[in-house]
**Student:** 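I have a structure here, written as structure tokens, and I will follow up with some questions on it.
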Amino acid sequence: MLRKSIRAQHGEVKGPSVVKSPRAKLFAGLPNALFGVLYYAGVLAVTWLAHARIFFILAEAVALFAAGTSVYLAYSLLFVTKRECPYCWTAHAVNWSLALILPWLV
């Protein structure tokens, strides 16, 4: 999705797409997919490398924020943009799952 977002910025995506909607860039005008890549890499790093409790608590706070953002974006997919996006739904499911699973790692 990040690659598609970049292609859309260059006008290389034909037809309608969720990456062309205003909701594809919620924070600081950067693609949501970029934040997803950074978020998933961060969660991976914390779960594999970090051993201090504070890192897991911060990861859970970020996971809850990501899950909340996913609720907003899922609502947007269903009722505002009304577009199909299996990648989006997969990311939402992963975000919601991480928000539920991360507390058990603490």
**Student:** So does Gly15 get a backbone contact from the side chain of Lys20, meaning a donor-acceptor N/O pair under 3.5 Å?
**Tutor:** yes

**Student:** Evaluate the side chain to side chain contact (heavy atoms under 4.5 Å, CB included) criterion for residues Thr47 and Leu102: first the C-alpha distance (whole Å), next the side-chain angles of each, then the deciding distance (0.1 Å), finally the verdict.
**Tutor:** CA-CA 9 Å; Thr47 56; Leu102 280 175; 4.1 Å; yes

**Student:** Indicate yes or no: at least one non-hydrogen side-chain atom of Phe55 is less than 4.5 angstrom from one of Leu49.
**Tutor:** no

**Student:** For Leu100, which residues count as a side chain to side chain contact (heavy atoms under 4.5 Å, CB included) partner, sequence neighbours excluded?
**Tutor:** none

**Student:** State, to 0.1 Å, how close Val13 and Lys4 come at their nearest heavy-atom pair, and which atoms those are.
**Tutor:** CG2-O, 3.7 Å

**Student:** Among residues two or more places apart or on two chains, list those pairs meeting side-chain hydrogen bond (donor to acceptor under 3.5 Å, both in side chains) that have a residue in residues 77-91.
**Tutor:** none

**Student:** Side-chain contact, heavy-atom cut-off 4.5 Å: Asn95 with Tyr40?
**Tutor:** yes

**Student:** Show me the pairs that pass disulfide (SG to SG under 2.5 Å) and involve residues 5-90, at least two apart or across chains.
**Tutor:** Cys85-Cys88

**Student:** Between CE of Met1 and CG of Leu34, what distance do you get to the nearest 0.5 Å?
**Tutor:** 13.0 Å

**Student:** Give the minimum heavy-atom separation between Val46 and Phe56, together with the two atoms involved.
**Tutor:** O-CZ, 3.8 Å

**Student:** Partners of Phe65 by ring-ring contact (aromatic ring centres under 6.0 Å, His included), sequence neighbours excluded?
**Tutor:** Phe27

**Student:** Just to verify, what does Lys25 make a side chain to side chain contact (heavy atoms under 4.5 Å, CB included) with, not counting sequence neighbours?
**Tutor:** Gln9

**Student:** Go through the steps to decide whether Glu12 and Ile6 satisfy the test side chain to side chain contact (heavy atoms under 4.5 Å, CB included), and finish with yes or no.
**Tutor:** CA-CA 9 Å; Glu12 299 171 3; Ile6 293 168; over 6 Å; no

**Student:** Looking at residues at least two apart in the chain, or sitting in another chain, which of them share a side chain to side chain contact (heavy atoms under 4.5 Å, CB included) with Leu44?
**Tutor:** Trp48

**Student:** When clusters are formed by joining ILVMFWY residues with side-chain heavy atoms under 4.5 Å apart, either directly or through shared neighbours, do Leu98 and Leu38 land in the same one?
**Tutor:** no

**Student:** Do you know the tightest heavy-atom contact between Glu60 and Ala99?
**Tutor:** OE2-O, 3.0 Å

**Student:** Check for a donor-acceptor pair, side chain of Ser76 on one end and backbone N or O of Tyr72 on the other, with a separation under 3.5 Å.
**Tutor:** no

**Student:** Just to verify, what does Asn32 make a side-chain hydrogen bond (donor to acceptor under 3.5 Å, both in side chains) with, not counting sequence neighbours?
**Tutor:** none

**Student:** Could you work out, with side chain to side chain contact (heavy atoms under 4.5 Å, CB included) as the rule, every residue matching His51, not counting sequence neighbours?
**Tutor:** none

**Student:** Dump the intermediate steps for side chain to side chain contact (heavy atoms under 4.5 Å, CB included) on Val62 and Val43, then the final yes or no.
**Tutor:** CA-CA 9 Å; Val62 174; Val43 169; over 6 Å; no

**Student:** What closest approach, in Å, do Val19 and Ala8 show between heavy atoms, and which atom pair accounts for it?
**Tutor:** CG2-CB, 3.8 Å

**Student:** Which residues pass the ring-ring contact (aromatic ring centres under 6.0 Å, His included) test with Tyr75, sequence neighbours left out?
**Tutor:** Phe79

**Student:** Please list all pairs meeting disulfide (SG to SG under 2.5 Å) that have one or both residues in residues 39-73, counting only residues at least two apart or in different chains.
**Tutor:** none

**Student:** Are Val37 and Val94 connected in the hydrophobic side-chain network, where two residues link if heavy atoms are under 4.5 Å apart?
**Tutor:** no

**Student:** Please write out which residues are connected to Leu64 in a hydrophobic cluster, directly or through intermediates, given that two of Ile, Leu, Val, Met, Phe, Trp, Tyr count as joined at side-chain heavy-atom separations below 4.5 angstrom.
**Tutor:** none

**Student:** Measure the CG-OG distance between Leu77 and Ser70 for me, rounded to the nearest 0.5 Å.
**Tutor:** 10.0 Å

